[in-house]
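Report on one structure; see the data block that follows.
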Amino acid sequence: QVSVMESGGGLVQAGGSLRLSCTASGFNDGAIGWFRQAPGKQREGVACSQWSRGDAYYADSVKGRFTISRSSDNPKNAVFLQMSSLKPDDTAMYYCAANPHTCDAIMQSTQDPDTSWGQGTQVTVSP
């Protein structure tokens, strides 16, 4: 069973940056990524790393501004989301998610019983 924990959210002004961190205990292979949900909006897959291939996927809304990366040290099952040029529209609860197969369930925000996610970390971007 995979246990996921996020950290690093906070309040930042528009144009600023934040770095989110995630550890997925019990994760061996598959995909780790991030989705977000803002009040009154649908859940949105933000970024995902296909672990064994090293491929990364991004939502169009964050391309060029967000970067997902993997830890090269211990723990090796850690991922980071570097968020730059933040906009008020980026305000949401951000969840790290792990799936033993592919990034599809994370990026498409589909209900998949194999996907594990944490309790979320709040990101608030002020105008």
Do the side chains of Phe27 and Asn99 get nearer than 4.5 Å, heavy atoms only?
no
Flag, side chain of Gln50 to backbone of Cys103, donor-acceptor distance under 3.5 Å
yes
Straight-line distance of Cys96 SG to Leu20 CG, nearest 0.5 Å
9.0 Å
Quick one: CG on Asp112 to CD1 on Ile106, what's the gap to the nearest 0.5 Å?
9.0 Å
Spacing of CZ belonging to Arg19 relative to CG belonging to Leu81, to within rounding of 0.5 Å
10.0 Å
Ring-plane angle category for Tyr95 and Phe35, please: parallel below 30°, perpendicular beyond 60°, tilted otherwise.
parallel
Between Asp114 and His101, what is the shortest heavy-atom contact and its length?
OD2-NE2, 3.3 Å
Here the pair of heavy atoms bringing Ala92 nearest to Gln122 is O-NE2, 3.4 Å
Heavy atoms, side chains only, cut-off 4.5 Å: are Asp90 and Arg36 in contact?
yes
Spacing of Thr67 atom OG1 and Met83 atom CE [to the nearest 0.5 Å]:
11.0 Å
Enter the distance from Asn28:CG to Ser52:OG here, rounded to the nearest 0.5 Å.
12.0 Å
Hey, is Lys63 close enough to Asp60 for a salt bridge, meaning N to O under 4.0 Å?
yes
Flag side-chain contact, heavy atom, 4.5 Å: Val12 against Ser17
no
Close side-chain approach of Val79 to Trp51, heavy-atom, < 4.5 Å:
yes
Can Trp34 and Glu6 be said to form a side chain to side chain contact (heavy atoms under 4.5 Å, CB included), step by step?
CA-CA 10 Å; Trp34 298 84; Glu6 314 92 339; 3.8 Å; yes
Exercise: identify the closest heavy-atom pair between Val4 and Cys22
CG1-SG, 3.6 Å
Short question: side chain of Thr124, backbone of Thr91 - any donor-acceptor pair under 3.5 Å?
no
Rounded distance [0.5 Å steps], OH in Tyr57 versus CD1 in Ile68:
11.5 Å
